[in-house]
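The structure under discussion appears below in the form of structure tokens.
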Protein chains: 2
Amino acid sequence: MGVETSFGIGELARRTKRSVHTIRWYEAQGLIPRVERDAGRRRQYTVWHVEWLNFLDRLKTTAMSVRDMKRYAALIARGETGEQEALLRAHRESVAARMREMNEALALIDRKLKHYGRFRRT
Amino acid sequence: MGVETSFGIGELARRTKRSVHTIRWYEAQGLIPRVERDAGRRRQYTVWHVEWLNFLDRLKTTAMSVRDMKRYAALIARGETGEQEALLRAHRESVAARMREMNEALALIDRKLKHYGRFRRT
DNA sequence: CTACCGGCTAGAGCACACTCAAGGTCAAGC
DNA sequence: GCTTGACCTTGAGTGTGCTCTAGCCGGTAG
């Protein structure tokens with residue numbers, strides 16, 4: 001027992017619902033900053049990494065590319081908060097724009113569906 | 001002069017802002033129904049195809065896969081309006097769900113941005 | 001006649017985001 | 001001391017959606 005402050009890659013995989021393969025791949029791509037190793041060269045993670053990967057999920061949900069996640073991760077690693085904010089703000093705007101487009105497309109789809117409905121019996 | 005009722009692939013490419021390559025690839029994937037050929041085996045298109053490709057753009061904007069576009073195109077080719085409607089309605093729901101997720105993610109990003117803002121000087 | 005344009009097919013190549021296989025290390029438990 | 005399990009690295013393979021190359025044909029203008 002005791003206060004578990006760090007854990008291995010298997011545990012991180014369970015906590016973030018990713019495969020161990022994927023986590024190593026993410027790290028190789030530069031998406032995971034602040035990864036320490038123990039004496040046996042095994043990766044050690046903390047709750048910070050769980051939260052970071054959860055946040056990456058949100059960025060992914062909003063269609064951020066791995067390339068941009070890598071840029072953001074690099075800024076986190078260097079602590080450059082100004083640039084972090086700029087990147088995130090730019091992403092926010094592109095997401096908002098994409099959502100406006102999707103809304104328009106959805107409206108068109110709804111008009112089509114209404115049209116189908118017009119000739120339905122029920 | 002005269003009423004131009006059909007045109008070639010180059011013109012379709014210009015009208016739909018795609019490359020000729022891409023249009024041929026779309027057709028090979030089964031995404032473009034009702035394509036006739038002239039005596040020289042050249043593809044002939046009409047305004048119907050322009051509208052169809054514009055609609056495919058909307059489906060793409062809403063992240064429909066080529067696989068599903070192909071299914072929809074096949075239903076168009078066979079005139080099965082009932083199944084067309086079912087497919088489109090299912091897509092509509094998945095888009096709505098994705099947009100809800102994106103909205104949540106956007107809200108989280110906005111909270112992060114607010115946090116950055118908290119420590120800014122201006 | 002010949003250059004050019006637009007079109008044709010088959011198939012190779014590419015960017016992205018994983019996903020997994022092969023072969024090995026290392027510590028703990030029996 | 002041997003097995004088990006978690007971990008390691010390198011690198012190959014996969015699915016999606018294009019994008020382009022090579023080599024060819026056929027009609028028109030100079």
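Below, chain A is the first sequence line, B the second, and so on; all start at residue 1.
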For B:M69 and D:dT16, what is the distance between atoms CE and P respectively, to the nearest whole Å?
13 Å
Roughly, in whole Å, what's the span from CZ in B:R18 to P in D:dC18?
8 Å
Calculate the interatomic distance between A:I23 atom CD1 and D:dA6 atom P; express it in whole Å.
14 Å
Within this structure, what is the CD1-to-C1' distance between B:I32 and D:dC18, rounded to whole angstrom?
13 Å
Protein-nucleotide distance (B:D68, atom CG; D:dT16, atom P), rounded to Å:
11 Å
Hey, are B:D57 and B:K60 close enough for a salt bridge, meaning a charged N less than 4.0 Å from a carboxylate O?
no
Pair B:R98 + B:E101, salt bridge at N-O below 4.0 Å:
no
Does the cation-pi check pass for B:R15 over B:Y45, that is, NZ or CZ under 6.0 Å from the six-membered ring centre and within 45° of its axis?
no
Is there a side-chain polar atom (N or O) of B:K70 under 4.0 Å from OP1 or OP2 of D:dT16?
no
To the nearest angstrom, how far is A:E27 atom CD from D:dT10 atom C1'?
15 Å
State which residue, out of B:R18, B:R34, B:R43, fulfils the salt bridge (charged side-chain N to carboxylate O under 4.0 Å, His left out) condition with B:E27.
B:R43
Sugar-phosphate means primed atoms, P, OP1 and OP2; the rest is base. With that split, encode nucleotides 2-16 of chain C 5' to 3' as B, S or - using protein heavy atoms under 4.0 Å.
-----SBB------S
Which residue in the set A:L108, A:I109, A:N103 passes side-chain contact (heavy atoms from CB on, under 4.5 Å) when paired with B:T62?
A:I109
Output the rounded distance in Å from CG (B:L56) to P (D:dC18).
10 Å
Does some side-chain heavy atom of A:D68 sit less than 4.5 Å from a side-chain heavy atom of A:Y72?
no
Between A:L31 (CG) and C:dA17 (P), how many Å, whole number?
9 Å
